[in-house]
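Structure record follows, encoded as C-alpha cells.
Since this is a predicted model, take the numbers as computed values, not measurements.
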Amino acid sequence: MQNKREVIENRKILNNKIYLYLTEFFAGMSVMAVELGASRLLAPYFSSSQIVWTIIIGTIMIAMALGNIYGGRSADKNPDPDRLYRRIILAAIWIALIPVLGKYIILGISAVMIFSVNSNFLIWAAFAACMIIFVFPLFLLGTVTPSLVKYAVSDLDDNGKTVGFLNASNTIGSIIGTFVPTFVTIPSVGVSATFYIFAGILLALSIIYFCSRKQRSIRAAAGVAVLVLACIFCSTDSFAFWEDNLTYEGESVYNYLQVKEDDEAVYLSTNVLFGVQSVYVKDDSLTGYYYDYAMASTMMADVNEAENLDVLILGMGTGTFATQCDHYFDNLTMEGVEIDEDITELATEYFHLSEDIPVYTYDGRAYLNAIDKTYDVIMVDAYQDITIPFQMSTVEFFTLVKEHLNEGGVMVINMNMRGQEEGNINQYIADTVSAVFSEVYTVDCSGNTNRELFASDNPEMIDIMKTNIELEEDEALADMMTTVYDNLETYEAGDYLMTDDKAPVELLGMQVIDDLIADEVTYYKNIYAESGLSGLLEEFQ
C-alpha cells in the first residue's frame with residue numbers, strides 16, 4: 001500500500017492546498033444547506049417548532065460526530081483521497097434524491113408511527129425521518145475534515161496553521177451555507193432546487209478531482225446521471241403530491257403555502273396534513289370557522305354605539321377576520337400585522353382583502369413595541385398548531401397588549417387547540433391572560449378544535465355584547481353572536497403562568513397534538529386490531 005506522501009504526490013491537484021480548502025469550504029456550506037433544507041422539508045408535516053429544530057440539529061450532530069470518527073480512522077488506515085471523493089459523490093447523489101423520495105418516506109414513517117406509538121408522535125416521527133433521510137449523507141460529509149487534515153498536514157512545523165485554515169474554510173462555508181438557502185435559493189427556487197444546487201456543487205467538486213487525474217470515473221458519471229434524471233423526471237415541488245387541484249403551492253421565508261379552492265370558498269393552509277389558516281367565502285356569508293366567533297369582540301367593544309372602532313390584528317394571515325368585519329360593520333378602522341410578506345400578497349390575489357386595510361410586515365410583539373397607538377379591539381391570531389411563538393404568549397406580552405387598548409377595549413385570542421389534560425396549553429395561556437386582565441371569557445368553536453378567549457378590564461363587556469346583539473339587524477350575524485353569547489364561560493384562573501423567562505409552548509402544544517392525533521386514529525387502530533392490514537386497506541378503498 002502506498003504511504004500518504006506517495007498518494008498525494010500522485011494526485012497533483014492536491015499538491016496545492018487551495019483545493020483542499022475549497023473542498024472543506026463547500027462541504028461546510030452543503031452541511032448547513034442540507035440542515036436548513038431539512039427544516040423546510042419537515043415543517044409542512046411536523047411544524048417548524050423548536051422541538052423539530054432540536055431533533056434536526058441533534059441528529060445532524062450525531063451524523064457529523066460519527067463521520068468525524070470514521071473519516072479519521074479511514075484516513076489513517078488508507079490515506080487515499082479517491083476514497084474521500086467517492087464518499088462525496090455518494091453524499092451528493094443521496095442529497096439529490098431527498099426531494100424525490102423524502103416526502104414519501106416522511107408519510108410512510110408517519111403512518112407507521114401513528115399505529116406504533118401512543119405518545120410523543122411528533123418527536124418519534126420527526127426523529128425517525130431525520131435518521132433515515134439525512135443522517136447518511138451528513139455522516140459522509142462528516143468524514144471530510146479528518147480526511148483533509150491527513151492529506152494537508154505534511155510536517156509538524158505548520159500543522160497548526162494548516163488545520164486552522166481547514167477549520168476556517170469549513171466555518172466560512174457553513175456561514176454562507178446558512179444565509180444562501182434562507183435568503184436566496186429557498187425563496188427563489190424552492191427546497192427541491194436547493195437540494196439539487198448543493199448536490200451539484202459537491203458532485204462538481206468530485207468530478208474536477210477525478211478529471212484532474214485524467215481518469216473517467218464511473219461513479220462520477222453515475223452521479224451526474226442520477227442527479228440529472230432526478231431533476232428532469234422525478235422531481236415535484238409539491239409537498240402535497242397527492243393533490244391535483246391546488247390553486248397555488250409555494251414557499252416563503254417562513255412558511256409552506258397552499259391555496260385550495262372549491263365552489264364555495266378559498267382556503268389557505270401552511271401545513272400539508274391538517275389545518276386551515278385562512279378562508280374566503282365567495283358569497284360573503286359567515287365562514288363557519290372561528291373568525292365568526294371572534295367577531296364577538298367588536299360587540300363587546302360596543303360596535304353599534306361607537307362612531308368608530310380601531311381594530312388591530314396580530315397575525316393577519318390572508319385577512320379573513322378583517323374581511324368578515326369589513327363586510328358586517330361599516331364603522332371599523334382596521335390594520336393588520338403579518339410577519340410573512342408572501343401571505344400578504346396571497347391575501348390580495350386570492351382572498352379579496354381590501355386594499356384599504358393596511359398590513360405591516362412585522363412580528364406582532366415587535367410592532368406593539370414600536371408604536372404608541374391604542375385600539376378598541378386587538379386580535380391575537382398568531383398561534384398555528386404546535387408553532388406558538390412564545391414571545392406572544394407571556395405575561396409581558398399580554399401586558400403590552402393591554403397598554404395598547406383603549407378604555408373598555410377587548411383582546412381576543414384564537415387558541416387553535418383544545419387540551420383536555422390538566423396543565424394543558426390553553427390553561428397556561430388563559431391563566432397568563434387572567435394575570436393581566438380582570439375579565440376573561442372563553443368559548444369553544446363548534447365543529448373544530450378552536451377556542452376563542454376574550455379579555456378586558458371592562459366588567460360590563462358581556463352586558464354590552466348582549467345589548468349589541470339585540471340591536472343587530474343582520475339575522476345571520478345576530479344568530480351567530482347569540483350562539484357565542486350562550487356558550488361563553490367565565491374563566492376560572494389557576495396558577496399556570498408563562499413569562500419571557502419560562503414559556504414551554506412547544507412541549508405543551510405537542511401534548512395537545514398527541515391527544516388530537518390519538519383521537520383521530522383510534523377508529524383505524526381498532527380496525528387494524530380486529531382485521532389486520534387487509535381490513536385497514538379495505539377501509540380506504
Any heavy-atom pair between the side chains of [Y] and [X] that's under 4.5 Å?
X	Y	result
Ile133	Ile106	yes
Leu257	Asp342	yes
Val112	Ile109	no
Ile429	Ile425	yes
Cys325	Met334	yes
Val337	Leu312	yes
Leu368	Val401	yes
Asp495	Asp431	no

Where is the tightest heavy-atom contact between [X] and [Y], given as atom of each residue plus distance?
X	Y	value
Leu36	Thr182	CD1-OG1, 3.6 Å
Phe195	Ala38	CZ-N, 4.0 Å
Ile339	Thr361	O-CG2, 3.6 Å
Ser354	Asp326	CB-OD2, 4.2 Å
Leu353	Thr348	O-CG2, 4.1 Å
Pro181	Thr194	CB-CG2, 4.2 Å

Q | side chain to side chain donor-acceptor pair (under 3.5 Å) between Gln391 and Asp363, worked out | A | CA-CA 10 Å; Gln391 76 274 13; Asp363 171 81; 3.1 Å; yes
(Q) Does the plane of the ring in Tyr367 sit parallel, tilted or perpendicular to the ring in Tyr360? Use 30° and 60° as the thresholds. (A) parallel
Quick check on [X]: does its [atom1] atom have over 12 non-hydrogen neighbours (other residues, nucleotides or ligands) under 6.0 Å away?
X	atom1	value
Glu341	CD	no
Phe127	CZ	no
Glu264	CD	no
Tyr248	OH	yes

Q: Could you tell me which residues satisfy side-chain contact (heavy atoms from CB on, under 4.5 Å) with Glu439, sequence neighbours excluded, listed by chain and number?
A: Tyr441, Pro459, Met461
So, the side chain of [X] versus the backbone of [Y]: is there a donor-acceptor pair under 3.5 Å, distance only?
X	Y	value
Thr432	Leu497	no
Ser456	Gly409	yes
His404	Asn369	no
Ser278	Thr318	yes
Asn331	Val303	yes
Asp376	Asp310	yes
Tyr375	Val410	no

Q | Test side chain to side chain donor-acceptor pair (under 3.5 Å) applied to Asn406 and Thr374, step by step | A | CA-CA 6 Å; Asn406 294 324; Thr374 56; 2.4 Å; yes
Listed pairs under 3.5 Å, donor-acceptor, residues 280-289 side chains, sequence neighbours left out:
residue, atom, partner, partner atom, Å
Lys282, NZ, Glu261, OE2, 2.7
Lys282, NZ, Asp262, O, 2.7
Asp283, OD1, Ser285, N, 3.0
Asp283, OD1, Ser285, OG, 2.6
Thr287, OG1, Tyr289, N, 3.0
Thr287, OG1, Asp292, OD1, 3.0
Thr287, OG1, Asp292, OD2, 3.4

Q | side-chain contact (heavy atoms from CB on, under 4.5 Å) between Leu488 and Met300, worked out | A | CA-CA 12 Å; Leu488 279 173; Met300 297 173 184; 3.9 Å; yes
Q.
Determine whether Phe398 and Ile413 satisfy the following criterion, side-chain contact (heavy atoms from CB on, under 4.5 Å), listing intermediate values before the conclusion.
A. CA-CA 11 Å; Phe398 295 124; Ile413 303 174; 3.4 Å; yes
(Q) Would Asn487 and Asp444 count as a side chain to side chain donor-acceptor pair (under 3.5 Å) here? Give the steps. (A) CA-CA 8 Å; Asn487 290 280; Asp444 288 343; over 6 Å; no
Once you round to the nearest 0.5 Å, how far does [atom1] of [X] lie from [atom2] of [Y]?
X	Y	atom1	atom2	answer
Met481	Glu472	CE	CD	8.5 Å
Ile98	Phe134	CD1	CZ	5.0 Å
Met465	Phe454	CE	CZ	6.5 Å
Phe390	Asp500	CZ	CG	6.0 Å
Thr344	Glu338	OG1	CD	5.0 Å
Lys402	Leu405	NZ	CG	9.5 Å

Can a side-chain donor-acceptor contact be found between [Y] and [X] if the only test is distance below 3.5 angstrom?
X	Y	value
Tyr293	Asn414	no
Asn458	Glu407	no
Ser438	Asp457	yes

Q: List the steps and the verdict of side-chain contact (heavy atoms from CB on, under 4.5 Å) for Thr333 and Val311.
A: CA-CA 6 Å; Thr333 300; Val311 179; over 6 Å; no
Q: Decide, yes or no, whether a salt bridge links Asp486 with Lys466 under the criterion of side-chain N to carboxylate O below 4.0 Å.
A: no
Q: List the steps and the verdict of side chain to side chain donor-acceptor pair (under 3.5 Å) for Asp381 and Tyr291.
A: CA-CA 10 Å; Asp381 193 14; Tyr291 314 99; 5.3 Å; no
Q: Apply the test side-chain contact (heavy atoms from CB on, under 4.5 Å) to residues Tyr485 and Ile469: give CA-CA distance (whole Å), side-chain angles for both, the deciding distance (0.1 Å), then the verdict.
A: CA-CA 9 Å; Tyr485 178 84; Ile469 292 174; 3.9 Å; yes
Q: State which residues pass salt bridge (Lys or Arg N to Asp or Glu O under 4.0 Å) with Lys502; sequence neighbours excluded, sorted by chain then number.
A: none
